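These notes are about the structure you will find just below.
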Amino acid sequence: MDIRKVVILGSGPAGYTAAIYTSRANLNPLLFEGSEPGGQLTITTEVENYPGFAEGITGPELMNIFKLQAERFGTEIIPERVVEVDLSKRPFYVKGDNSEFKAKTLIISTGATALWLGIPSEDKLRGYGVSACATCDGFFFQNKKVLVIGGGDTAMEEAVFLTRFASEVRVIHRRDALRASKIMQEKAFTNEKISFIWDSVVEEVLGERETGVQGVRYKNVKTGELTNELFDGVFLAIGYVPNTEIFKGQLDMDENGYIITRPGSASTSVKGVFAAGDVQDRVYRQAITAAGTGCMAALEAERFLGE
Ligand code: NDP
């Protein structure tokens, strides 16, 4: 079995930055793209806060540039997911969909995935009008009425984006105050197509697969009042879970499953295993912070191999 100096899991800003640094250090890194090549930025629209792009850039374009830069220095990219790792023996064992490797160091940048409400009707209608990605599915709702669930930046961003297509966008939030940043709140509040349903939670998504989403039933959490309202589409924007299932029991994690790294470092509870990006960051979750921690992981892996 091929023994690699560096194996990187994930192809978001953290993974590709780690790849750029380790390939420039002649460590010949192998990068598993994972189930969502390019990571979460590929399902966002305009990125206006990534330094270096004064006019903004779309998420997919930005990630393509990351990839080209990593390839330029010789990163080997495998279009597979990693389905199993064994960190108990050295070199570490890494099993992909169709491949197996040993790795002297491992950089985990598997990111995080959107959360769902977890109600059966949402599950039944996922892909039939229920989505967690406005960028992917917004186009299908030309001149339709859609609902966005959530009160954070993602919800505001998705709501504003959906006004490009939909005739009406409603945002439902379980409290009476948004969590989103002031600037995103302002964008949503001043958009004529967007209105809000406060203090309310979705109890059921109405419709069948044959008809698609036809509406939702929501409950006002203060009064208990139930309301049925017509909608053609429902977009989830209620946060994320880290993609750490295959590392459970092998690395220290917090109560939400985020990998714990040493403060000021990318090192984990296993020497030679580093974590970068959203998989270890529930606070900042930005492309630039992911890239920054990817760089830290790469430099630390290089140092570890040199010792
Ligand atoms: P957040 O965790 O910030 O917000 C999630 C929202 O969903 C909250 O309003 C929360 O309500 C609500 N929520 C959570 N669970 C449920 C549930 N089961 N039912 C109903 N509502 C629920 O996640 P985001 O995805 O919005 O943002 C994540 C991070 O990414 C943040 O740091 C954000 O700033 C950043 N981000 C930045 C962007 C930008 O700058 N352009 C764009 C997108 C994200 P409650 O408020 O009551 O907890």
Side-chain angles (χ1 to χ4, degrees), residues 12-14 36 39-51 53 55-60 62-63 111-123 126 130-136 138 147-164 169-189 191 194 196-205 216-222 227 231 234-243 254-258 277-293:
E36 200 178 294
Q40 293 178 79
L41 273 192
T42 58
I43 54 169
T44 65
T45 42
E46 210 57 20
V47 180
E48 294 184 328
N49 52 11
Y50 199 85
F53 297 89
E55 305 301 322
I57 183 167
T58 70
L62 181 60
M63 290 324 298
T113 301
L115 280 174
W116 299 81
L117 293 176
I119 52 177
S121 53
E122 164 200 64
D123 198 40
R126 196 183 293 190
V130 174
S131 167
C133 177
T135 322
C136 318
L147 180 69
V148 174
I149 306 175
D153 280 332
T154 302
M156 298 311 109
E157 194 175 66
E158 305 249 301
V160 170
F161 176 72
L162 286 165
T163 61
R164 294 191 198 180
V169 178
R170 303 258 281 151
V171 177
I172 188 165
H173 184 38
R174 61 185 179 185
R175 296 185 292 132
D176 62 1
L178 296 174
R179 178 179 295 281
S181 58
K182 277 279 169 293
I183 182 166
M184 296 300 288
Q185 293 197 18
E186 212 43 51
K187 277 190 183 171
F189 286 145
N191 191 309
I194 300 177
F196 287 81
I197 305 166
W198 300 108
D199 295 315
S200 299
V201 294
V202 170
E203 288 223 319
E204 189 156 18
V205 185
V216 304
R217 174 156 59 250
Y218 57 85
K219 183 168 98 179
N220 184 303
V221 292
K222 287 192 171 154
T227 306
F231 287 100
V234 175
F235 287 85
L236 273 295
I238 59 171
Y240 302 93
V241 277
N243 300 319
D254 72 9
E255 68 280 8
N256 296 303
Y258 286 86
D278 285 10
V279 76
Q280 54 85 54
D281 168 24
R282 51 173 320 194
V283 180
Y284 303 104
R285 295 158 161 167
Q286 300 299 297
I288 187 68
T289 49
T293 51

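Please read these numbers as outputs of a predicted model, since none were measured by experiment. Note that ligands are numbered from 1 as they come in the structure, with each ligand's atoms numbered from 1 the same way.
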- When you measure from atom 2 (O) of ligand 1 to each heavy atom in R285, R282, M184, which option holds the nearest one?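 The option holding the nearest heavy atom is R285.
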For [X], is the nearest heavy atom under 4.0 Å from an atom of ligand 1?
X    : result
Q286 : yes
M156 : no
V201 : no

- Message: Looking at E122 and G118, would you say the former's side chain and the latter's main chain have a donor-acceptor pair under 3.5 Å?
- Response: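 Checking the backbone N and O of G118 against the side chain of E122, a donor-acceptor pair under 3.5 Å is found.
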- Checking D254 side chain against N256 main chain: does a donor-acceptor pair fall under 3.5 Å?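 Yes; at least one donor-acceptor contact below 3.5 Å.
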- Message: One pair to check against side chain to side chain contact (heavy atoms under 4.5 Å, CB included): N49 and I288. What are the steps and the verdict?
- Response: CA-CA 9 Å; N49 52 11; I288 187 68; over 6 Å; no
- Task: Indicate, as side chain, backbone, both or neither, the part of L117 found under 4.0 angstrom from ligand 1 when only non-hydrogen atoms are considered.
- Result: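 For L117, only side-chain atoms sit under 4.0 Å from ligand 1.
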- Message: Using a 4.0 Å cut-off to any heavy atom of H173, which atoms of ligand 1 qualify?
- Response: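 Under 4.0 Å from H173, ligand 1 has these atoms: 9 (O), 11 (O), 45 (P), 46 (O), 47 (O).
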- Task: Specify the protein heavy atom at minimum distance from atom 10 (C) of ligand 1: its residue, its atom name, and the distance to 0.1 Å.
- Result: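 The closest heavy atom on the protein side is R174 NH2, 3.8 Å.
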- Nitrogen or oxygen of Y284 less than 3.5 angstrom from that of ligand 1: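 No, since none of the N or O atoms of Y284 sits under 3.5 Å from an N or O of ligand 1.
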- Query: Does an N or O from G151, backbone or side chain, lie closer than 3.5 Å to an N or O of ligand 1?
  - Reply: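 Yes, there is a polar N/O contact under 3.5 Å.
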- Residue F189 excluded, over 12 heavy atoms near CZ under 6.0 Å: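 Count over threshold, so yes.
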- Query: Looking only at heavy atoms, what is the nearest atom pair of A290 and P13, with distance?
  - Reply: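 Nearest pair, atom of A290 first, then P13: CB-CB, 4.1 Å.
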- For S131 and W116, work out which heavy atoms get closest and say how close.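 Smallest heavy-atom distance, with atoms named: C-CH2, 4.0 Å.
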- Give the ring-plane orientation class for F53 versus Y50, where under 30° counts as parallel, over 60° as perpendicular and anything between as tilted.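 Rings of F53 and Y50: tilted, 30 to 60°.
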